[in-house]
Amino acid sequence: QVQLVESGGGSVQAGGSLTLSCAPSGYPDSKNYITWFRQSPGKQREGVAGIYRGTGTTYYADSVKGRFTISQDNAKSMVYLQMNSLKPEDTAVYYCASRPSSIGGYWFSLSLYSYWGQGTQVTVSS
C-alpha cells in the first residue's frame, strides 16, 4: 500500500520561503511520479510541480516557474518542494500525490492520481 506523508508548511510573509517534504512509501521501485497540488478556498485543486523519480524529470505550473523547485533525495526517499518569493496568492492547502509510471497522461490531471497525502497549510501574508 502506497502512503504519502507530508511535512512542512506554515505561515510566512510575502517574499519569504518555505519547504514542503513528502515521504512516499510502498513502491517497489522509483518508477513513479510525485506531484504537488494545491487548493485554496473556492478554487479547484491545481497542479504546482511534479517529478518523475526514475529520472528526476520535473514539471512546473507557469505560475510557480522560477520560484518553486521540486527535488528528491533518493537516499532518504524524500521529495521536496522549495518555495521562494512566496506571494499571497500561493496561500493554499498543499497536497503531495503520486501515481505509478504505468499510468500516463497530462502531468497535472487529478484523475490519474490514486495516492494522496493529508495536506499541509501554507499561508502567505502581505
Legend entry - Among Asp90, Val122, Thr123, Val124, side-chain contact (heavy atoms from CB on, under 4.5 Å) partner for Leu18: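 Running side-chain contact (heavy atoms from CB on, under 4.5 Å) over Asp90, Val122, Thr123, Val124 with Leu18 returns exactly one hit, Val122.
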
Legend entry - CD/Gln3: more than 12 non-hydrogen atoms of other groups inside 6.0 Å: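 Open: at most 12 neighbouring heavy atoms sit under 6.0 Å from CD of Gln3.
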
Inset, instruction - Check the surroundings of atom CD in Glu89: do more than 12 heavy atoms from other residues, nucleotides or ligands lie under 6.0 Å from it? - result: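 Yes, the 6.0 Å shell around CD holds more than 12 heavy atoms from other groups.
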
Inset, instruction - Could you tell me whether Asp62 and Lys65 make a salt bridge, using a distance below 4.0 angstrom between a side-chain N and a carboxylate O? - result: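 Counted as a salt bridge, because a side-chain N and a carboxylate O are separated by less than 4.0 Å.
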
Where [X] and [Y] come nearest, the two heavy atoms and their spacing:
X     : Y      : value
Ser17 : Ser85  : OG-N, 4.4 Å
Pro88 : Ser126 : CG-CB, 3.9 Å
Ser21 : Met78  : CB-CE, 3.6 Å

Inset, instruction - Using the side-chain contact (heavy atoms from CB on, under 4.5 Å) rule, take Glu46 and Arg38 through it: C-alpha gap first, then chi angles, then the decisive distance, then the call. - result: CA-CA 5 Å; Glu46 63 176 0; Arg38 66 186 181 188; 2.7 Å; yes

Legend entry - Tyr60 side chain near Thr69 side chain, heavy-atom distance below 4.5 Å: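 Counting from C-beta outward, Tyr60 and Thr69 do come under 4.5 Å.
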
Inset, instruction - For residues Thr91 and Gln121, determine if any side-chain heavy atom of one lies less than 4.5 Å from a side-chain heavy atom of the other. - result: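 In contact.
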
Classify the ring geometry between [X] and [Y] as parallel (under 30°), tilted (30 to 60°) or perpendicular (over 60°).
X     : Y      : value
Tyr33 : Tyr52  : tilted
Tyr59 : Trp107 : parallel
Tyr94 : Phe68  : tilted

Would a hydrophobic clustering, with Ile, Leu, Val, Met, Phe, Trp and Tyr connected at side-chain separations under 4.5 Å, put [X] with [Y]?
X     : Y      : value
Val64 : Val79  : yes
Tyr95 : Leu110 : yes
Val5  : Tyr80  : no
Leu4  : Val48  : yes
Val93 : Leu81  : no

Legend entry - Expected output: side-chain Gln118 to main-chain Glu6 donor-acceptor under 3.5 Å: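 Confirmed, Gln118 side chain pairs with Glu6 backbone.
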
Inset, instruction - Give a yes or no on whether the backbone of Gln82 and the side-chain of Thr19 come within a donor-acceptor separation of less than 3.5 Å. - result: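 Not a single qualifying donor-acceptor pair exists.
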
Inset, instruction - Check whether the side chains of Arg53 and Ser101 place a donor and an acceptor atom closer than 3.5 Å, and report yes or no. - result: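 Side chains of Arg53 and Ser101: no pair found under 3.5 Å.
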
Legend entry - Audit row: Trp116, Arg45, side-chain contact (heavy atoms from CB on, under 4.5 Å) steps and yes/no: CA-CA 12 Å; Trp116 292 83; Arg45 193 169 298 188; 3.4 Å; yes

Inset, instruction - Using the side-chain contact (heavy atoms from CB on, under 4.5 Å) rule, take Ile34 and Cys96 through it: C-alpha gap first, then chi angles, then the decisive distance, then the call. - result: CA-CA 7 Å; Ile34 300 291; Cys96 173; 3.7 Å; yes

Legend entry - Value rounded to 0.5 Å, distance of OG in Ser98 from CD1 in Ile103: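 Atom-to-atom, Ser98:OG and Ile103:CD1 are 9.0 Å apart.
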
